[in-house]
Chemist: 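Below is one structure. I have some questions about it.
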Amino acid sequence: MDMNANIERVMLTSEQIAERVKGLAAQLDKLYEGRRPVVICILKGSVMFFADLIREMKTPMQIDFMAVSSYGKGSISSGKLQVKKDLTVNIGGKDVLIVEDIIDSGNTLYELKKMLNTRSPASVNIVTLLDKPERREVPMEPEYKGFVIEDEFVVGYGLDYAEDYRNLPYIGVLKRSVYEEK
Ligand code: IMP
Ligand code: MG
């Protein structure tokens with residue numbers, strides 16, 4: 001499969017992403033000055049963003065990983081969160097930064113934030129690389145975001161379609177023909 005051939009257009013080049021990541025890292029360094037947050041990578045989509053972001057940050061931190069999925073509207077278990085891999089760090093009394101790839105309906109982070117808050121962290125902030133506000137089903141406003149994008153299905157830089165395309169170095173709009181039956 002030729003990944004590049006299935007991309008309609010490049011939305012964000014690796015250079016554009018890198019520049020924005022630097023800006024976000026500087027903002028987050030300011031926010032966490034004098035503190036030592038637990039920075040959480042939401043697997044798998046956030047892995048590239050997370051790795052680049054934390055290397056641009058000068059704040060001392062702990063890192064941890066979590067894998068979750070949510071059942072959105074229309075499913076029987078609406079709004080419920082499935083934790084596939086939990087944290088190993090105890091976040092009680094700690095400042096928590098959640099690093100997400102993209103916020104779409106908002107269900108995943110809405111439920112995740114609620115769940116993490118039951119563990120009594122000192123604070124919870126969210127940074128997302130991409131935000132699709134048009135698609136929101138629940139109130140979820142990330143404190144920090146890289147880019148606000150239109151309602152288009154994007155892949156690359158960690159984001160997948162059926163587990164493919166995560167290793168593309170840029171973010172591109174997937175051709176509709178790839179996921180629509182002809
Ligand atoms: P939400 O709960 O609807 O906000 O879901 C967010 C999750 O949906 C993300 O972590 C992605 O895994 C997935 N997602 C939403 N939009 C896209 C997209 O355009 N490309 C790839 N994955 C997406
Ligand atoms: Mg995902």
Side-chain angles (χ1 to χ4, degrees), residues 1 3-14 16-17 20-21 24 39-54 63-87 96-118 124-181:
M1 193 255 291
M3 292 193 287
N4 291 293
N6 289 340
I7 301 302
E8 182 71 44
R9 66 185 173 88
V10 176
M11 180 181 272
L12 297 163
T13 65
S14 51
Q16 287 174 308
I17 297 167
R20 189 68 189 109
V21 168
L24 287 169
V39 183
I40 301 174
C41 175
I42 307 301
L43 298 170
K44 302 170 193 171
S46 303
V47 68
M48 309 289 179
F49 177 44
F50 178 82
D52 287 342
L53 181 73
I54 64 172
I63 65 169
D64 209 345
F65 300 86
M66 216 174 175
V68 296
S69 60
S70 82
Y71 310 93
K73 252 186 199 165
S75 105
I76 306 157
S77 43
S78 177
K80 284 289 164 291
L81 190 78
Q82 186 194 1
V83 178
K84 296 171 179 167
K85 184 215 170 295
D86 206 338
L87 300 172
V96 170
L97 177 65
I98 301 173
V99 181
E100 178 63 299
D101 52 357
I102 185 166
I103 304 182
D104 189 38
S105 71
N107 284 308
T108 308
L109 282 188
Y110 182 85
E111 293 298 326
L112 179 62
K113 196 172 178 180
K114 208 163 68 179
M115 195 267 269
L116 293 181
N117 272 321
T118 66
V124 178
N125 281 289
I126 294 170
V127 57
T128 186
L129 179 64
L130 305 176
D131 187 13
K132 278 188 198 172
E134 281 171 47
R135 302 249 312 163
R136 214 62 105 245
E137 293 172 7
V138 290
M140 168 46 59
E141 181 58 25
E143 284 78 14
Y144 297 88
K145 54 186 130 182
F147 303 91
V148 175
I149 67 168
E150 306 279 290
D151 180 13
E152 291 180 293
F153 196 83
V154 291
V155 294
Y157 195 68
L159 292 150
D160 74 306
Y161 170 66
E163 295 297 331
D164 280 319
Y165 307 98
R166 292 195 196 272
N167 60 320
L168 280 177
Y170 61 87
I171 293 173
V173 179
L174 192 63
K175 283 185 178 164
R176 300 192 78 93
S177 58
V178 176
Y179 54 88
E180 274 175 3
E181 271 154 359

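When reading the values below, keep in mind they use all heavy atoms of this one structure, side chains included, and skip hydrogens, waters and symmetry mates. In this text the structure is predicted, and so the values were computed from the model without any measurement. As the structure lists them, so they are numbered: ligands from 1, and atoms in each ligand from 1.
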Chemist: Out of curiosity, is L109 lining ligand 1, as in a heavy atom under 4.0 Å away?
Modeler: no
Chemist: Is K132 in contact with ligand 1, taking contact as a heavy-atom separation below 4.0 Å?
Modeler: yes
Chemist: Any chance CD of E163 has more than 12 other-residue heavy atoms, nucleotides or ligands included, within less than 6.0 Å?
Modeler: yes
Chemist: Would you check if the side chain of S105 reaches a backbone N or O of E137 as a donor-acceptor pair within less than 3.5 Å?
Modeler: no
Chemist: Does some side-chain heavy atom of V154 sit less than 4.5 Å from a side-chain heavy atom of I102?
Modeler: yes
Chemist: Consider salt bridge (Lys or Arg N to Asp or Glu O under 4.0 Å). Of K175, R9, R135, which one does E152 pass it with?
Modeler: R9
Chemist: Is any side-chain N of the basic residue among E143 and K113 closer than 4.0 Å to the acidic one's carboxylate O?
Modeler: yes
Chemist: Does either side chain, that of D52 or that of Y157, offer a donor lying less than 3.5 Å from an acceptor on the other one?
Modeler: yes
Chemist: So for ligand 1, is L159 a polar contact partner (N or O within less than 3.5 Å, distance only)?
Modeler: no
Chemist: Using a strict 4.0 Å cut-off to heavy atoms of E100, name the atoms of ligand 1 that fall inside it.
Modeler: 10 (O)
Chemist: State whether a side-chain donor-acceptor pair under 3.5 Å links N4 with Y170.
Modeler: yes
Chemist: Please confirm whether G45 comes under 4.0 Å of ligand 1, counting heavy atoms of the residue only.
Modeler: no
Chemist: Please confirm whether V155 approaches ligand 1 to less than 4.0 Å, judged on its heavy atoms.
Modeler: no
Chemist: Could you tell me which atoms of ligand 1, counted from 1 in the order shown, lie closer than 4.0 angstrom to a heavy atom of D101?
Modeler: 9 (C), 10 (O)
Chemist: So if I count the atoms of ligand 1 from 1 in the order they appear, which ones are less than 4.0 Å from some heavy atom of T108?
Modeler: 1 (P), 2 (O), 5 (O)
Chemist: Any heavy atom of E152 closer to ligand 1 than 4.0 angstrom?
Modeler: yes
Chemist: I need the atoms of ligand 1 closer than 4.0 Å to a non-hydrogen atom of S105, numbered in the order shown.
Modeler: 1 (P), 2 (O), 3 (O), 4 (O)
